[in-house]
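On a predicted model such as this, the values are computed, not experimentally measured, just so you know.
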Amino acid sequence: MERSESVDEDVQASAYLENDEVRERDDPMSDTLRIGEEALVCSSEHEIDVGFCQNEERKSEEETMGGFDEQSGLLVDERKEFDAPAVGMEFESYDDAYNYYNCYASEVGFRVRVKNSWFKRRSKEKYGAVLCCSSQGFKRINDVNRVRKETRTGCPAMIRMRQVDSKRWRVVEVTLDHNHLLGCKLYKSVKRKRKCVSSPVSDAKTIKLYRACVVDNGSNVNPNSTLNKKFQNSTGSPDLLNLKRGDSAAIYNYFCRMQLTNPNFFYLMDVNDEGQLRNVFWADAFSKVSCSYFGDVIFIDSSYISGKFEIPLVTFTGVNHHGKTTLLSCGLLAGETMESYHWLLKVWLSVMKRSPQTIVTDRCKPLEAAISQVFPRSHQRFSLTHIMRKIPEKLGGLHNYDAVRKAFTKAVYETLKVVEFEAAWGFMVHNFGVIENEWLRSLYEERAKWAPVYLKDTFFAGIAAAHPGETLKPFFERYVHKQTPLKEFLDKYELALQKKHREETLSDIESQTLNTAELKTKCSFETQLSRIYTRDMFKKFQIEVEEMYSCFSTTQVHVDGPFVIFLVKERVQGESSRREIRDFEVLYNRSVGEVRCICSCFNFYGYLCRHALCVLNFNGVEEIPLRYILPRWRKDYKRLHFADNGLTGFVDGTDRVQWFDQLYKNSLQVVEEGAVSLDHYKVAMQVLQESLDKVHSVEEKQD
């Protein structure tokens, strides 16, 4: 038997997040997570009676009970069908799990062996194991010349199990397929007699099996089982997640694997009483930390569902300190219903523990209703990108489509005041005869949620895409197409996250090495923010500094005490590449240094526009006021944010999730600072090793 020894610490898979939710423990056999009164995960319990037969000469009992398995020493009841192993099964002990798999193997027709076992180094306690088909692997080279017949075929069938927090043994990975014939004849030539100690039949043991089973909607159940007959009419139900054969197992396998390698990975499955999936939510550790930094403005992308993609995916994304999208969490929904969205948002709130300031979505009535219930104080706005993409679909059949599209674009992007937008819209619908168009009518009724001219008091951090040509791209744009199956997406999901994380790390490193050679003007504003902002955000602001030279006139037009209105003239690109002159009003408060432009660049993008910079420069201001230098764009934002929001006070002595969050955020600071240079790296590695040694010393004292 092959045996493996683990590292010092046991990285256990945590089942569910226990912060702020109510976990009912009246019945120790149940494990149901609730938020308020709404059950989110349903678990079921089964008992499997397994008689341990230890008397070789019990023919009468074998005839009565069904048969005796010589390998496991178990009396197998042929009248009872053993459920196939599934991810999520739990057993009271390792022996129970081993004997259950042996019984299942006997029924199917193969033998079991232990492929690997993992033990804690100091306590020698077993905490992990892999049981496989005896045909797994191949004969070693030095065994090739042996007379014994080769029975190994490289069979992939196996179960991987692990001891979890409850001290039960949980199945975390399953492969059911064999690559060889099954049945007792296959092993006839290699059967061996085993000596058994006599023991009465009354010593038969009952294995308690705890299952948080999740089944596909009528597709991955034994076709002859009563369970399948119960489910077969529910396939395609709008209240159930539309999964193909094996999808639910793939999801659960992936989640369990992620929890083993990423202990702060969180997932939640919403299942009905029959164990059928309705909705799914998950967030990895990196996403959860990103949400604590950048969860003030989020984009909920449901276009995969509305676009009839193969996977009913919903993504939560934010904008990181480099101005790039960062994933905050994901979900799979049964459909575009208020109930599904309400469940998803409630879980997000309970996990992330924050209400976003601004939520940008597609135009979706069920999602809009759910947001108003879960986040009543958040500003919900519609994605202008999605609306502009709908124009060909909604207006393409008009005989004067090009003219209408042009007028629509002009009303959206070229109006600075509400009265201008109203006039431009009225001209479009009346002049081109589209006043009765239902889509345009509905857009106009909801104009306060998507037209830039109405959104100037809403902070977007760059998500608004308020300028022509700007688009809000899906996070998985290059990884998911309409026919991408779920199993393929789970593989691409990890690749996409690894790529994004690598890009963010490289951007962090590049931001630390920004030099003065990259300055393009002698403006003090540019020099000031080059020392503060990340490289990508500085490049965006740098464009505004350069474009100050296209603003050729700054004139004071009205004074009311400390308040002064300036008119800034700018040469802009017009139709047919012609240069046009546009006027921008800028309000300046001399007493407090407050400046606000009618273009509202600061609220849309998070930095001052060229017009506001011209007014500051006109009034002799040499540095941008601190109120307009947002901490979220700073090179050291994560460090400052953690210092302000870290868990420095009371720590719950029983809340392991809080412990992990605190440790993860602290260690993340060491990682990010240690990647700046080789010297930083060496110091960080030394500190981490010293810390690990001290943690190990605690375990030694306890032993």
Side-chain angles (χ1 to χ4, degrees), residues 16-17 33 35 38-42 87-88 212-220 234-259 265-272 274-284 287 298-317 327-352 361-362 364 366-367 370 474-477 479-494 496-497:
Y16 304 107
L17 187 68
L33 179 64
I35 293 182
E38 179 180 2
L40 298 179
V41 174
C42 298
V87 173
C213 62
V214 179
V215 299
D216 294 328
N217 298 331
S219 59
N220 70 342
S234 64
T235 305
S237 170
D239 297 329
L240 299 175
L241 194 59
N242 186 20
L243 299 177
K244 298 187 181 301
R245 181 181 297 274
D247 278 355
S248 61
I251 295 172
Y252 205 50
N253 274 331
Y254 173 75
F255 288 168
C256 290
R257 186 173 75 251
M258 288 299 293
Q259 277 197 326
F265 181 90
F266 175 82
Y267 71 90
L268 207 55
M269 291 182 168
D270 176 24
V271 300
N272 61 16
E274 289 78 24
Q276 293 172 307
L277 268 176
R278 293 186 294 208
N279 306 295
V280 180
F281 171 90
W282 74 92
D284 60 52
S287 295
I298 67 172
F299 171 48
I300 303 178
D301 186 4
S302 59
S303 60
Y304 298 99
I305 299 180
S306 59
K308 309 300 181 184
F309 277 61
E310 183 78 13
I311 52 174
L313 178 67
V314 176
T315 61
F316 292 71
T317 56
L327 188 66
L328 305 182
S329 62
C330 289
L332 299 173
L333 298 186
E336 285 191 295
T337 64
M338 200 277 284
E339 292 75 18
S340 291
Y341 282 122
H342 185 274
W343 179 88
L344 188 67
L345 297 178
K346 285 284 287 184
V347 176
W348 194 92
L349 178 60
S350 68
V351 174
M352 303 305 181
T361 70
D362 195 2
C364 175
L367 178 55
F475 186 84
F476 295 105
E477 182 182 37
Y479 300 91
V480 178
H481 51 77
K482 277 203 168 187
Q483 285 74 41
T484 300
L486 181 60
K487 294 179 181 178
E488 181 181 334
F489 166 71
L490 293 176
D491 294 333
K492 291 184 175 181
Y493 173 86
E494 292 188 73
L497 258 60

Working to the nearest 0.5 angstrom, can you tell me the gap between [X] [atom1] and [Y] [atom2]?
X      : Y      : atom1 : atom2 : value
Met338 : Leu345 : CE    : CG    : 10.5 Å
Phe489 : Glu494 : CZ    : CD    : 10.5 Å
Phe266 : Met352 : CZ    : CE    : 9.0 Å
Leu497 : Lys492 : CG    : NZ    : 15.0 Å
Phe316 : Leu327 : CZ    : CG    : 10.5 Å
Ile298 : Ile300 : CD1   : CD1   : 4.5 Å

**Study point:** All salt bridge (charged side-chain N to carboxylate O under 4.0 Å, His left out) counterparts of Glu310, not counting sequence neighbours
**Key:** Lys244
Point to revise | Evaluation steps, side-chain contact (heavy atoms from CB on, under 4.5 Å), between Arg278 and Val271 | key: CA-CA 5 Å; Arg278 293 186 294 208; Val271 300; over 6 Å; no
Exercise for review: Consider only side-chain N and O atoms of Ser340 and Thr337, and report whether a donor and an acceptor are under 3.5 Å apart.
Suggested key: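 Present: a donor and an acceptor within the cut-off.
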Practice item. May I ask you to check whether Ser329 and Trp348 show a side-chain donor-acceptor distance below 3.5 Å? Key: yes
Point to revise | For Trp343 against Leu268, the heavy-atom pair lying closest together | key: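 Smallest interatomic distance, heavy atoms only, reads CH2-O, 3.6 Å.
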Point to revise | Which atom of Ile311 lies closest to which atom of Thr484, heavy atoms considered | key: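 Looks like CG2-O, 3.7 Å.
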**Study point:** Result of checking Leu486, Ile305, Leu277, Asp270 against Leu332 for side chain to side chain contact (heavy atoms under 4.5 Å, CB included)
**Key:**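 The passing option is Leu486.
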Review point. Taking it one step at a time, do Leu349 and Val347 satisfy side-chain contact (heavy atoms from CB on, under 4.5 Å)?
Key: CA-CA 5 Å; Leu349 178 60; Val347 176; over 6 Å; no
Exercise for review: Assert yes or no for the condition that the ring centre distance of Tyr304 to Phe476 is strictly below 6.0 Å.
Suggested key: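 Here the rings of Phe476 and Tyr304 have centres that are no less than 6.0 Å from each other.
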Exercise for review: Would you please test Trp282 and Phe255 for ring-ring contact (aromatic ring centres under 6.0 Å, His included) and show each step?
Suggested key: CA-CA 8 Å; Trp282 74 92; Phe255 288 168; 5.5 Å; yes
Exercise for review: Would you check, one step at a time, whether the test side-chain contact (heavy atoms from CB on, under 4.5 Å) holds for Phe475 with Leu328?
Suggested key: CA-CA 10 Å; Phe475 186 84; Leu328 305 182; over 6 Å; no
Point to revise | Which residues share a side-chain hydrogen bond (donor to acceptor under 3.5 Å, both in side chains) with Glu477, sequence neighbours left out | key: none
Review point. Can you list the residues that meet the side-chain hydrogen bond (donor to acceptor under 3.5 Å, both in side chains) rule with Ser287, with sequence neighbours excluded?
Key: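 Counting only residues at least two positions away or on another chain, Ser287 forms a side-chain hydrogen bond (donor to acceptor under 3.5 Å, both in side chains) with Asp284.
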Backbone N/O of [Y] and side chain of [X]: donor-acceptor pair under 3.5 Å:
X      : Y      : result
Lys482 : Phe309 : no
Asn279 : Gly331 : no
Asp362 : Cys364 : no

Check your understanding: Can you tell if the side chain of Lys487 reaches within under 4.5 Å of the side chain of Asp247, non-hydrogen atoms only?
Key ->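 Lys487 vs Asp247: side chains touch.
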Review point. Is any side-chain heavy atom of Ser302 less than 4.5 Å from a side-chain heavy atom of Thr361?
Key: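 A side-chain contact is absent here, since even the closest heavy-atom pair is not under 4.5 Å.
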Review point. Taking it one step at a time, do Ile251 and Met269 satisfy side-chain contact (heavy atoms from CB on, under 4.5 Å)?
Key: CA-CA 10 Å; Ile251 295 172; Met269 291 182 168; 3.5 Å; yes
Check your understanding: In terms of the angle between their ring planes, are Phe265 and Tyr267 parallel, tilted or perpendicular, with boundaries placed at 30° and 60°?
Key -> tilted
